[in-house]
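Given the structure is predicted, the values throughout are model-derived calculations rather than measurements.
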Protein chains: 2
Amino acid sequence: MTSSKTPNKSADESDVNAALESGRRRATINDIARLAGVSKKTVSRVINQSPFVREETRQRIEAVIAEWGYAPDPQARGLAFRRSFLIGMIYDNPNPQYVVNMQLGLLDGMRGSGFELVVHPCDRSSPTFLQDVRMFIERQKLFGVILPPSVSEDERVADLLRDIGCEYIRIASVPLDEEEHMIVGHDRLGAQAMGEHLVGLGHERIGFITGLPSFRSSHERRGGFEDALTKAGVKLDPDYVVQGAYTFESGLACGEALLAKTPRPTAIFAGNDEMAAGVLQAARRAGLTVPEDLTVVGFDDFQIAQAVWPPLTTIHIPTREVGRMAAEKLIAREGYEPGDPAKTIPYLVTRESSAAPKKV
Amino acid sequence: MTSSKTPNKSADESDVNAALESGRRRATINDIARLAGVSKKTVSRVINQSPFVREETRQRIEAVIAEWGYAPDPQARGLAFRRSFLIGMIYDNPNPQYVVNMQLGLLDGMRGSGFELVVHPCDRSSPTFLQDVRMFIERQKLFGVILPPSVSEDERVADLLRDIGCEYIRIASVPLDEEEHMIVGHDRLGAQAMGEHLVGLGHERIGFITGLPSFRSSHERRGGFEDALTKAGVKLDPDYVVQGAYTFESGLACGEALLAKTPRPTAIFAGNDEMAAGVLQAARRAGLTVPEDLTVVGFDDFQIAQAVWPPLTTIHIPTREVGRMAAEKLIAREGYEPGDPAKTIPYLVTRESSAAPKKV
DNA sequence: GAAGCTCTTGACACCGGTTTCCACTCCCTT
DNA sequence: AAGGGAGTGGAAACCGGTGTCAAGAGCTTC
């Protein structure tokens, strides 16, 4: 059993196996082919689920693959396929919790698929923005990209992706593209639910703090809210709508502005939880008790909603679920069936910051 | 100038260039070689900064590369190099803001290096944890991994990485490994600073809420705090130390427990900001005003510290800077020089939640 | 003027997969 | 029994780079 140089396969086999078994070397497709007694092309067929393999052969090969824990090299495969097994998340959302939840959701949807997630924050105002995105995608030959808001709302990016033929999913509060490229969050419906909640409690003089106008969701949230009020016969006084910036500080400032109005609003709906937290603080400074003197509600249901006093009534957005659906749609594996769109709809979470207004 | 099938290079050249110029095809190393009139091996030498290229040749090739915007294919390069240009961030830290800041820092440090960041949350308690990590690294042939707490504190992971020969940087509050594998955060020093601050204000009966014992930082924060008190001749009564879990809820519960003690502490130092926010709420429920009746301080200086009332005096940890240094150390490019270790040291941020205790 | 050296350069195999092309089985017709 | 089609597996080229090694150019040295 010496390591002769003859092409006698069985003679060298033990050497090769030794190298494999000791873990000095990962198994390659050639090893699997040799061990299963077939050509590497056949192994390749099994890996790629070709139907042209006899069932018996397939099973033998799969057994060998499982036994040796073989996994094809994504780089080699990618090189031959002319694309990688990487999915890019290109984002410019400033909220850490949104970003992390989205990442977790994407990973949920990618689990077991062999794809990996590459994160790529971006700055849409940079002069090299589009070029950067293009470079990122082309260099890495990304399989596809996921675009959460607000990059998802940038048509320049969508055009670019179509142009270079990169798969993409846009996550947004309204349909902006063909259905196959969209996961829609329907912020509008969430805001409507909040409107109904406030009206249901008996509020009629309600302040609203908008989010950044650069986010489509800001307009949707306001629009949905206004829809609900109008439907209930309550008017949203434009004088009680102020422009926030999705930050705690802006919520504080806007809250103070709204509370300075006469008559004072009995409720304030902030475009997100952070601004609502700011309003809480403004209320405290004004000597008001929430929810007795003032109802304060937010949107997002991020951690902060439960970490303030009183805990915020807010709209829960299922970010992680949205991410999962986006990833699944992007890779659309065999047997893929679209997730239930209803799962992406935000819903009301009632906590202690909202109550009926005091009787006058 | 027909597209003959003769191997005459100059005859086909215009066709090839047309394909390139129209953007139908990305430039390859062969294109660059042809355009520069050299072999692809020489182009490869230029790309890899080999010194064995004549200056004149190098410049000619670089000019062609710049003109055509050529960038080598990371997959092909990786295949030949037997490793990828991907850096993995393996983490189990539950705090979104920490995670995002860390990611941003890592990306800062990787900018322009040609590496990409692949995120990989993990569950250390899973039975397949080590196997998952190994699979992730080996399949993707990762260039290296970054380990933030608390995975960074798991010796099994470090052993695994050494075993499979993967570069790694551990980020932790104390040195756990050889210097070349560590970025140290020195939570202890931060906690000391807080101890000095509280003692300096005149507090002597101080409550402390520890973090999760599975995080090394929890012990460091407690230890550093105790150091500072001892040094100042103040005793940290073990009865005033309670076990939290780094969450808002645990902070609330622990706060209530501490405030129920007689005599009541005049100050409470929570192991992180979230727990401090919980303590604020407990104080409010107990009818106490912060900081007049009770000083409450936290640790981390995450967003929540400024989104509660009163804003928290806390310890700022420079997460993003730490991440940047970790990435730079991992890829240790030419001309790399270690970042200033002082930049990773946490520091006190005084806000409105701390004050001198009331005179009795 | 030939040997010896350094500096440059390119031919060729290879990384680990996939695709193309072809030959060889089967199995079923006629 | 010959002919045909579909199913199956092998050889070789290819994806876009890098490693090895040897050869050619130019210079010194004796």
Side-chain angles (χ1 to χ4, degrees), chain A residues 7 9 16 19-20 24-61 64-65 68-86 114 138-141 143, chain B residues 7 9 16 19-20 24-62 64-65 68-85 114 138-141 143:
Chain A
K9 282 187 180 180
V16 180
L20 273 182
R24 269 180 287 133
R25 195 163 66 74
R26 285 177 59 194
T28 69
I29 196 170
N30 288 307
D31 297 320
I32 301 301
R34 189 169 37 72
L35 290 163
V38 297
S39 77
K40 67 176 186 175
K41 171 61 198 170
T42 305
V43 178
S44 173
R45 283 203 180 94
V46 170
I47 294 170
N48 294 291
Q49 318 207 42
S50 157
F52 304 114
V53 179
R54 202 188 324 162
E55 186 52 30
E56 179 208 318
T57 311
R58 171 191 310 287
Q59 287 185 4
R60 189 169 76 244
I61 294 176
V64 174
I65 288 178
W68 293 86
Y70 166 73
D73 183 325
Q75 287 183 328
R77 225 147 92 87
L79 190 58
F81 276 139
R82 287 171 193 73
R83 58 179 182 70
S84 75
F85 295 91
L86 302 175
E138 293 198 328
R139 267 196 75 145
Q140 302 298 326
K141 297 196 300 239
F143 173 83
Chain B
K9 283 185 181 181
V16 179
L20 272 181
R24 271 181 285 136
R25 196 164 65 72
R26 285 177 59 196
T28 71
I29 196 170
N30 287 307
D31 298 321
I32 302 301
R34 191 169 37 73
L35 291 162
V38 296
S39 75
K40 65 177 187 175
K41 180 61 203 175
T42 302
V43 177
S44 171
R45 285 199 179 92
V46 171
I47 293 169
N48 293 289
Q49 318 205 38
S50 158
F52 304 114
V53 180
R54 202 189 326 166
E55 186 53 29
E56 178 208 319
T57 311
R58 170 190 312 286
Q59 288 186 3
R60 190 169 74 242
I61 295 175
E62 280 175 347
V64 174
I65 288 178
W68 293 86
Y70 166 74
D73 183 327
Q75 287 184 326
R77 225 147 91 88
L79 189 57
F81 275 140
R82 287 171 192 73
R83 60 180 183 69
S84 73
F85 296 92
E138 293 199 327
R139 267 194 75 143
Q140 302 298 326
K141 297 197 300 246
F143 174 84

* To do: Estimate the overall bend of the helix from C:dG1-D:dC30 to C:dT30-D:dA1 from the end axes over five pairs each, rounded to 10 degrees.
  => 60°
* Please answer whether the main-chain N or O of A:Gly78 pairs with a side-chain N or O of A:Ser84 as donor and acceptor at a distance below 3.5 Å. => no
* Structure fact -> Output for pair (A:Thr42 OG1, A:Ile32 CD1), nearest 0.5 Å, gives 13.0 Å
* Asked: If the sugar-phosphate is the primed atoms plus P, OP1 and OP2 and the base is the rest, what is the B/S/- string for nucleotides 10-18 of chain C, using protein heavy atoms under 4.0 Å?
  -> BB---BBBB
* Structure fact -> Sorted by chain and residue number, the side-chain contact (heavy atoms from CB on, under 4.5 Å) partners of A:Glu55 (sequence neighbours excluded) come out as A:Arg58, A:Gln59
* The single option from B:Val64, B:Ile61, B:Leu35, B:Ile47 passing side chain to side chain contact (heavy atoms under 4.5 Å, CB included) against B:Tyr70 -> B:Ile47
With 3.5 Å as the limit, what N/O pairs link the protein to nucleotides 22-24 of chain C?
none

* Heavy-atom donor-acceptor pair, B:Asn48 side chain to B:Ser50 backbone, under 3.5 Å -> no
* Flag the pair B:Phe52 / B:Arg54 as yes when at least one side-chain heavy-atom distance between them is below 4.5 Å, and no otherwise. => no
* Does B:Arg77 reach the main-chain N or O of B:Pro72 with its side chain, forming a donor-acceptor pair under 3.5 Å? -> no
* **Nearest-Å distance for atom pair CD/C1', residues A:Glu56 and D:dT8** => 13 Å
* Looking at residues at least two apart in the chain, or sitting in another chain, which of them share a side-chain contact (heavy atoms from CB on, under 4.5 Å) with B:Arg60? -> B:Val38, B:Glu56, B:Thr57
* To do: Check each of B:Arg82, B:Gln75, B:Lys141 against A:Gln75 using the side chain to side chain donor-acceptor pair (under 3.5 Å) test, and report the only one that passes.
  => B:Lys141
* **Whole angstrom value for the distance that separates P of D:dG16 from CD of A:Gln140** => 15 Å
* Structure fact -> Atom CZ of B:Phe52 and atom P of D:dC21 are separated, to the nearest Å, by 15 Å
* Asked: Who pairs with B:Phe143 by ring-ring contact (aromatic ring centres under 6.0 Å, His included), at least two apart in sequence or on another chain?
  -> B:Phe115
* **For atom CD1 of B:Ile61 and atom P of C:dT9, their distance in whole Å** => 7 Å
* Does any N or O in the side chain of B:Arg139 come within less than 3.5 Å of the main-chain N or O of A:Ala71, such that one atom is a donor and the other an acceptor? -> no
* Asked: When you check the phosphate oxygens OP1 and OP2 of D:dG7, does a side-chain N or O of A:Arg54 lie under 4.0 Å from one of them?
  -> no
